[in-house]
Amino acid sequence: MRGLLILYLTLVAALPVAILATVLPVNVYRAQGIEALDCDGPIGVLFFALPALLVYGVGAILLYRKRNRRLHRVAALCCLLVFCFVGWNAVAALRESHGGASIEACA
């Protein structure tokens, strides 16, 4: 029981990091309305995405394994959704940095 309390507190504490990883733009210039390449790479998104992916991926697995309560399954589903949203933005950041135009222009 104590382990589950620590897990839930960790998930709540990591929620701001996951929100930042989800809402940070892949290309800062395009978010401002400027059609330009962002040569900083995906580090701005990945800095927040990797810890969030780790915490919510482990949280989804551990909570799904607790099959005796419906609350744990709902929490595991929420963790899976957060994991998918953060992963989507992280993959978009990696695709943006490895595109043909950015490799030529930012080298």
Side-chain angles (χ1 to χ4, degrees):
M1 186 68 178
R2 188 175 186 189
L4 283 174
L5 178 66
I6 292 172
L7 178 62
Y8 280 118
L9 289 176
T10 304
L11 292 173
V12 170
L15 191 60
V17 175
I19 291 171
L20 274 174
T22 305
V23 299
L24 279 175
V26 174
N27 187 332
V28 179
Y29 298 117
R30 216 176 283 151
Q32 296 173 0
I34 304 167
E35 195 60 38
L37 293 173
D38 188 5
C39 290
D40 290 338
I43 193 70
V45 174
L46 292 180
F47 183 74
F48 295 105
L50 292 178
L53 287 172
L54 178 69
V55 168
Y56 282 96
V58 169
I61 292 169
L62 291 178
L63 287 172
Y64 183 74
R65 292 180 67 192
K66 299 287 183 185
R67 295 178 185 239
N68 57 352
R69 299 194 76 191
R70 179 177 280 176
L71 174 69
H72 299 319
R73 292 245 176 140
V74 171
L77 180 64
C78 291
C79 287
L80 183 65
L81 288 173
V82 170
F83 182 84
C84 289
F85 287 131
V86 171
W88 186 272
N89 202 25
V91 168
L94 288 171
R95 279 190 188 159
E96 179 78 21
S97 70
H98 291 315
S102 67
I103 291 174
E104 294 173 5
C106 296

Q: Could you check whether atom CZ of Arg69 has more than 12 heavy atoms from other residues, nucleotides or ligands sitting under 6.0 Å from it?
A: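 Atom CZ in Arg69 is not crowded, with 12 or fewer foreign heavy atoms closer than 6.0 Å.
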Q: Would you mind writing out the side-chain donor-acceptor pairs for residues 6-15 within the sub-3.5 Å range, not counting sequence neighbours?
A:
unit_1, atom_1, unit_2, atom_2, d
Tyr8, OH, His72, ND1, 2.7
Thr10, OG1, Ile6, O, 2.7

Q: Only distances under 3.5 Å count here; give the side-chain donor-acceptor pairs of residues 80-88 to other protein atoms, sequence neighbours excluded, each with its distance to 0.1 Å.
A:
none

Q: Going hydrophobic residue to hydrophobic residue with side-chain gaps under 4.5 angstrom, can you get from Val55 over to Tyr64?
A: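 Different clusters.
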Q: Side chain of Asn89, backbone of Leu24: donor and acceptor closer than 3.5 Å?
A: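 Checked: pair present.
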Q: Are Leu53 and Leu62 connected in the hydrophobic side-chain network, where two residues link if heavy atoms are under 4.5 Å apart?
A: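 Yes; tracing contacts between hydrophobic side chains, which count when under 4.5 Å, links both residues.
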Q: Give me the atom names and distance for the closest heavy-atom approach of Val45 to Pro25.
A: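 Looking at all heavy atoms of both residues, the shortest contact is CG2-O, 3.7 Å.
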Q: Going by the rule side chain to side chain contact (heavy atoms under 4.5 Å, CB included), which residues pair with Val17 if we only count those two or more places apart in sequence or in a different chain?
A: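 Residues passing side chain to side chain contact (heavy atoms under 4.5 Å, CB included) with Val17: Phe48, Ala52.
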Q: Kindly work out whether a path of hydrophobic side-chain contacts (I/L/V/M/F/W/Y, heavy atoms less than 4.5 Å apart) joins Tyr56 to Val58.
A: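 Same cluster.
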Q: Evaluate the side-chain proximity of Leu63 to Leu4: yes if any heavy-atom separation is below 4.5 Å, no if none is.
A: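 Side chain of Leu4 against side chain of Leu63, heavy atoms only: contact under 4.5 Å found.
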Q: If I compare all heavy atoms of Cys79 with all of Gly59, which pair ends up nearest, and what's the gap?
A: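 Where Cys79 meets Gly59 most closely, the heavy atoms are SG-C, 4.2 Å.
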